[in-house]
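This report refers to the structure that appears directly beneath it.
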Amino acid sequence: QVQLVESGGGLVQAGGSLRLSCAASGRTFSTYTMGWFRQAPGKEREFVAALAPRSWSSTNILYADSVKGRFTISRDNAKNTVYLQMNSLKPEDTAVYYCAADTFGFLSTGGGEYNYWGQGTQVTVSS
């Protein structure tokens, strides 16, 4: 069982920044793929970013086109924590942001591939 707890959400003006954190339980955090998803009111959940364990593949990180160049996902395996640095925020980034873990370590944008989820943290960007 893996527990995920997000923090760092809040209210920010357009153009501002926030850093989300997700603390995970589990001894083998370094082997998990960690992802961020978001869901705005009235919309479906959408992929934001994912970071797989380092491997022989040079591709271990993915971003949604809508956040490329503005958001950065990173992890600190010593702290069992994944981060989402969000810069140049826009009102359309307003959503509940969820952290997710794929304990099998596959890199995917599909929410169905992730077997553990946090409860979410609200991000509101005012115009």
Side-chain angles (χ1 to χ4, degrees):
Q1 190 79 7
V2 175
Q3 293 185 326
L4 303 173
V5 179
E6 302 99 334
S7 61
L11 173 64
V12 64
Q13 288 190 330
S17 298
L18 281 175
R19 188 176 81 155
L20 305 183
S21 300
C22 173
S25 64
R27 296 188 193 177
T28 55
F29 173 81
S30 63
T31 68
Y32 305 163
T33 289
M34 298 302 297
W36 288 97
F37 291 77
R38 68 186 181 186
Q39 187 167 20
K43 295 189 176 181
E44 293 188 352
R45 182 181 63 195
E46 65 174 358
F47 169 77
V48 175
L51 180 58
R54 289 195 177 276
S55 68
W56 58 269
S57 170
S58 62
T59 302
N60 72 325
I61 190 166
L62 293 174
Y63 291 103
D65 287 343
S66 59
V67 307
K68 275 182 185 175
R70 300 189 299 122
F71 291 11
T72 302
I73 187 171
S74 62
R75 66 195 298 161
D76 185 337
N77 290 333
K79 294 183 178 180
N80 277 23
T81 300
V82 63
Y83 304 98
L84 186 68
Q85 177 66 44
M86 306 186 294
N87 299 328
S88 302
L89 283 161
K90 305 175 181 179
E92 51 263 44
D93 294 318
T94 295
V96 176
Y97 283 70
Y98 297 91
C99 172
D102 174 359
T103 57
F104 298 99
F106 296 115
L107 186 62
S108 173
T109 63
E113 298 297 322
Y114 293 79
N115 47 346
Y116 293 98
W117 292 82
Q119 299 214 336
T121 185
Q122 176 71 47
V123 171
T124 303
V125 184
S126 64
S127 57

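Quick caveat: nothing in here was measured; it's all calculated off a predicted structure.
- Side-chain contact between W36 and C99 is present, with heavy atoms from C-beta onward closer than 4.5 Å.
- As a member of the Ile/Leu/Val/Met/Phe/Trp/Tyr network built from side-chain separations under 4.5 Å, V5 groups with nothing else and remains a singleton.
- Evaluation of the side chain to side chain donor-acceptor pair (under 3.5 Å) test over residues 11-22, restricted to residues two or more places apart or in two chains, returns S17-N87.
- Evaluation of the salt bridge (charged side-chain N to carboxylate O under 4.0 Å, His left out) rule for R70 yields D93 as partners, not counting sequence neighbours.
- Side chain of N60 to backbone of A52: a donor-acceptor contact under 3.5 angstrom is found.
- Partners of K68 under the salt bridge (charged side-chain N to carboxylate O under 4.0 Å, His left out) rule, at least two apart in sequence or in another chain, are D65.
- For E46, the side chain to side chain contact (heavy atoms under 4.5 Å, CB included) partners at least two apart in sequence or on another chain are R38.
- A donor-acceptor contact shorter than 3.5 Å links the side chain of S25 to the backbone of Q3.
- Separation of the Y32 and Y116 ring centroids does not fall under the 6.0 Å cut-off.
- For the pair Y114 (side chain) and S108 (backbone), a donor-acceptor distance under 3.5 Å is present.
- Summarising the geometry, atom CG belonging to L51 is positioned 11.0 Å from atom OG1 belonging to T72; distances are rounded to the nearest 0.5 Å.
- Membership of an apolar cluster is not assigned to Y83, as no side-chain contact below 4.5 Å to another ILVMFWY residue is traced.
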